[in-house]
Amino acid sequence: MAELQPGAKAPDFTLPVGRDQKVSLNDYLGQKNVVLSFHVFDFTGNEEAG
Amino acid sequence: MDTHHSHRVFAQQCGGVSYPLLSDFEPKGQVAKAYGVYNENQGTALRSTFVIDKNGVVRHSKVYPAGTIPDPDEILAEVKKLG
């Protein structure tokens, strides 16, 4: 499996932030560039957008 | 661990902009799979970074070897290219 390459459409996603909030990639569409970073904390997969 | 420090440094270099920390856990690894960075054998995501423009198009992607820290300057340079 290879990571998405430049030119590919970034798949939208909705994920929880803490307990009560959710964030979607589409929240930023048309407004901000997004840096999506994957890294592993313990045994979960986490991402950050900024 | 080093990831906390590297992301704090990165956020500061972005002008102190805070960023949301998301959990890709339910369903496990679904977003990592969508981006092609899920390691099925280990049940973890590959350490990787994607720069996505305002049209939702991937403009830069990089997978990092385990134990390495993404270079914030490299990512910032990619973001600056987008304007």
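What's counted below: heavy atoms across the whole structure, side chains too, no hydrogens, waters or symmetry copies. Throughout, protein chains are lettered first and strands after them, A, B, ... in sequence-line order, and every chain is numbered starting at 1.
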**Report entry** Contacts of type side chain to side chain donor-acceptor pair (under 3.5 Å), residue B:N55, not counting sequence neighbours
**Finding:** none
Query raised in the report: Do you know which of B:V51, B:N39, B:T49, B:I52 has the most heavy-atom pairs with chain A at a distance under 4.5 angstrom?
Result: B:I52
Query - Max heavy-atom pair count under 4.5 Å with chain B, selected residue of A:Q31, A:Q21, A:K22 - result: A:Q31
Report task. Nearest 0.5 Å please: distance from the CG atom of A:N33 over to the NZ atom of B:K80. Result -> 12.5 Å
Requested in this report: Report yes if some heavy atom in the side chain of A:F13 is under 4.5 Å from a heavy atom in the side chain of B:L22; otherwise report no.
Outcome: yes
Query raised in the report: By a 4.5 Å heavy-atom criterion (distance strictly below it), what part of A:L25 contacts chain B: side chain, backbone, both, or neither?
Result: side chain
Query raised in the report: What part of A:K32 lies closer than 4.5 angstrom to a heavy atom of chain B: side chain, backbone, both or neither?
Result: backbone
Query raised in the report: Linking I/L/V/M/F/W/Y whenever any side-chain heavy atoms sit under 4.5 Å apart, do B:F50 and A:L29 land together?
Result: no
Query raised in the report: Hey, any chance A:V34 and B:V57 share a hydrophobic cluster, counting ILVMFWY side chains that come within less than 4.5 Å of each other, even indirectly?
Result: no
Requested in this report: Using the six-membered ring wherever Trp is involved, compare the ring planes of A:F38 and B:Y35 and label them parallel, tilted or perpendicular (cut-offs 30° and 60°).
Outcome: tilted
Report task. Using the salt bridge (charged side-chain N to carboxylate O under 4.0 Å, His left out) rule, collect all pairs that involve residues 50-69 of chain B, keeping only residues at least two apart or in two chains. Result -> B:D53-B:R59, B:K62-B:E74
Query raised in the report: Within a strict 4.5 Å, meaning less than it, do heavy atoms of the A:E3 and B:S61 side chains meet?
Result: yes
